[in-house]
Amino acid sequence: MTGLAEDLEVGVRGSQLHAQRWGSRAAPLVIGFPGLSGTAERCSLLGERIGGDELQLVALDPRGRGKSDTTAPGSYGWENHARDALAVADALGFERFSMIGMSMGGSVAMKTAELDATRLDRVVLIDIAGRVDRGVGAVIAGEIDNLGLYHDPADPAAVEEDRAYTFSQDPYDRWRFLTMPTLLVRATREMRPGCGFVVPVADRDRFVREVPKAILVEVDADHRTIADHPDTAHAIRSFLVPS
């Protein structure tokens, strides 16, 4: 394992995407996709813990975030991001790969499975499954309003377009495309006391029942901190590199 990240610039679908790689470029590929306003930096702990000779984690700055191109209106949404992920795998020379999606990145991973499940070896969903508890939406909306104050670099219009795309999708229909082994890592603490969970208890139980190869791991963290929790990194590494 190595803590050093290699910066990459990948030309895909008429735009330039920035990425960071942890691990050997010859190792099996894992694509990391951050949340709504996140960048590749959100995958740093995971990269340090899982990147090495057995796996390479290539984490993306999605279009409109970080050092990646900000593209025209209408070029966002989960399907466009999923097509970007597939194109990155192509550019790096990999037919098959695994995918780690944080929050909205998990929705992108599920859309990737919908587009071509045959290319995905394994999928990791970090605190995302179906619909969020009712009180969570207001918390997320408040954070978007303060986007420029404390979030990773993100174009507000890109974030708004991706968020709007959410409302055009059936959050449960996408589960049927998860035919590969799938790990759901769920946060057991609310984003704010009383607001509920991004993965409600009922959705947690339904996911495990309905996704044939689902594995559940719960972590004592909230939605904001779960990606940086060492238990999350341990669970993901154990899932991606079975002993």
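Residues: numbered from 1 along the sequence shown.
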If you look only at distance, which donor and acceptor atoms sit under 3.5 Å apart when one is on a side chain in residues 229-236 and the other is two or more places apart or in another chain?
unit_1 : atom_1 : unit_2 : atom_2 : d
H229   : ND1    : D231   : N      : 3.0
T232   : OG1    : I226   : O      : 2.7

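Residues satisfying the side-chain hydrogen bond (donor to acceptor under 3.5 Å, both in side chains) test with S168, not counting sequence neighbours, are none. For D69, the side chain to side chain contact (heavy atoms under 4.5 Å, CB included) partners are S15, Q16, T71, not counting sequence neighbours. Applying the salt bridge (Lys or Arg N to Asp or Glu O under 4.0 Å) criterion to D173, with sequence neighbours excluded, gives R176. Shown here are the salt bridge (Lys or Arg N to Asp or Glu O under 4.0 Å) partners of E6, two or more places apart in sequence or in another chain: R21, R25. The salt bridge (Lys or Arg N to Asp or Glu O under 4.0 Å) check on D61 picks up nothing, with sequence neighbours excluded. Under the ring pair (Phe, Tyr, Trp, His ring centres under 6.0 Å) criterion, F94 pairs with no residue, sequence neighbours left out. The ring pair (Phe, Tyr, Trp, His ring centres under 6.0 Å) search around F239 returns none, not counting sequence neighbours. Annotation: ring pair (Phe, Tyr, Trp, His ring centres under 6.0 Å) contacts of F177 (sequence neighbours excluded): none. E95 is linked by a salt bridge (Lys or Arg N to Asp or Glu O under 4.0 Å) to R119, counting only residues two or more places apart in sequence or in another chain.
With a 4.5 Å cut-off on side-chain heavy atoms, R63 and D162 do not count as touching.
Among residues at least two apart or in separate chains, salt bridge (Lys or Arg N to Asp or Glu O under 4.0 Å) pairs with a member in residues 192-204 are R204-E218. Pairs passing the side-chain hydrogen bond (donor to acceptor under 3.5 Å, both in side chains) check and including a residue from residues 122-134, sequence neighbours excluded, read D127-H223.
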